[in-house]
Amino acid sequence: AASSLLGTVPLVGARSGPEMKSAAVFKAISEAVATKGAELVKMGGAVFQLIVSDGGPDGKLVLDLKNGTGECRVGEDPKADVTITMADADMVAMAAGKLDGMKAFMGGKLKIKGNMMLAQKLGPILQAAK
């Protein structure tokens, strides 16, 4: 019983892999790009870099909604049009529609580097990815 109890407690510092709740968000975005990439490219028209600040190397997603039918991959793109950084729990809440992007930005939960106007497009894109 003790081992199963310990198995549910996440280890501090062990944030890469399945423990990152945003992994499900990244997967949904990836599947949406695969199935309706052309539609999302029309909505986005830019390269988005999403960074989960407490997600480790798996917490970086490049969302190319500028070229062709789009592309989604784990990693970094230094030439991204906009980089959006937020904590794992906040990324999940925003994707679920429970956290407003503007309120998150004003409250310091969301950091934007690059073209700030493009960041406003991310909410509708996340909703379309559901």
Side-chain angles (χ1 to χ4, degrees):
S3 64
S4 65
L5 182 68
L6 289 175
T8 61
V9 178
L11 299 173
V12 176
R15 289 297 311 225
S16 65
E19 289 98 5
M20 188 180 76
K21 292 181 178 72
S22 295
V25 175
F26 285 6
K27 185 172 187 261
I29 292 170
S30 181
E31 288 170 359
V33 170
T35 57
K36 46 187 171 183
E39 178 188 331
L40 293 174
V41 166
K42 285 181 194 160
M43 290 172 71
V47 177
F48 298 84
Q49 172 76 62
L50 303 178
I51 298 177
V52 176
S53 56
D54 53 351
D58 293 335
K60 296 177 182 180
L61 187 80
V62 176
L63 183 56
D64 181 345
L65 298 181
K66 187 186 255 184
N67 305 298
T69 55
E71 181 195 9
C72 183
R73 60 183 164 78
V74 172
E76 289 185 80
D77 185 345
K79 295 182 186 148
D81 296 300
V82 62
T83 299
I84 298 166
T85 305
M86 57 196 319
D88 189 28
D90 295 329
M91 179 77 73
V92 171
M94 192 167 134
K98 294 177 184 167
L99 177 64
D100 177 69
M102 187 57 78
K103 286 181 184 165
F105 177 71
M106 297 304 233
K109 292 182 173 187
L110 185 152
K111 293 182 178 43
I112 301 169
K113 199 169 86 183
N115 186 335
M116 198 172 286
M117 297 307 289
L118 291 173
Q120 294 179 347
K121 294 182 176 186
L122 192 61
I125 290 167
L126 287 175
Q127 293 305 310
K130 281 187 169 179

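Numbers here simply count residues along the sequence, with the first being 1.
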Subject >> Any donor-acceptor pair under 3.5 Å from Lys21 side chain to Ala89 backbone >> reply: no
Subject >> hydrophobic_cluster_shared for Val74 and Val62, side chain cutoff 4.5 Å >> reply: no
Subject >> Distance (rounded to the nearest 0.5 Å) between Met91 CE and Met86 CE >> reply: 6.0 Å
Subject >> Single-linkage hydrophobic cluster Ile51~Leu99, side-chain heavy atoms < 4.5 angstrom >> reply: no
Subject >> Shared hydrophobic cluster for Phe105 and Val82 (ILVMFWY, side-chain gaps under 4.5 Å) >> reply: yes
**OP:** Indicate the atoms forming the closest heavy-atom contact of Leu118 with Gly44, along with that distance.
**Re:** CD2-O, 4.2 Å
Subject >> Where Lys111 and Gly108 come nearest, the two heavy atoms and their spacing >> reply: NZ-O, 3.6 Å
Original post:
Under 4.5 Å between side-chain heavy atoms, hopping through other hydrophobics if needed: is there a path connecting Val92 to Ile29?
Top reply: yes
Original post:
Leu61 and Cys72: which non-hydrogen atoms are nearest, and at how many Å?
Top reply: CD1-SG, 3.6 Å
Original post:
Quick one: CD1 on Ile112 to CE on Met117, what's the gap to the nearest 0.5 Å?
Top reply: 10.0 Å
Original post:
Atom CE in Met94, atom CD1 in Ile84: separation rounded to 0.5 Å?
Top reply: 6.0 Å
**OP:** Report the C-alpha separation of Asp90 and Leu110 in whole Å, then their side-chain angles, then the decisive distance to 0.1 Å, and conclude whether the side chain to side chain contact (heavy atoms under 4.5 Å, CB included) test is met.
**Re:** CA-CA 8 Å; Asp90 295 329; Leu110 185 152; over 6 Å; no
**OP:** Specify the closest pair of heavy atoms between Val52 and Ala87, including all atoms of both residues, with the distance to one decimal.
**Re:** CG1-C, 4.1 Å
**OP:** Evaluate the side-chain proximity of Met102 to Gln120: yes if any heavy-atom separation is below 4.5 Å, no if none is.
**Re:** yes
Original post:
Distance-only, no hydrogens or angles: does the Asp64 side chain make a donor-acceptor pair with backbone N or O of Val47 under 3.5 Å?
Top reply: no
Subject >> CG on Asp58 to CZ on Phe26, rounded to 0.5 Å >> reply: 9.0 Å
**OP:** Measure across Gln49 and Glu76 and return the closest heavy-atom pair with its distance rounded to 0.1 Å.
**Re:** OE1-CA, 3.1 Å
**OP:** Could you tell me the separation between the OG atom of Ser22 and the CG atom of Asp54, rounded to the nearest 0.5 Å?
**Re:** 7.5 Å
Original post:
Atom CG in Leu63, atom CG in Leu50: separation rounded to 0.5 Å?
Top reply: 6.0 Å
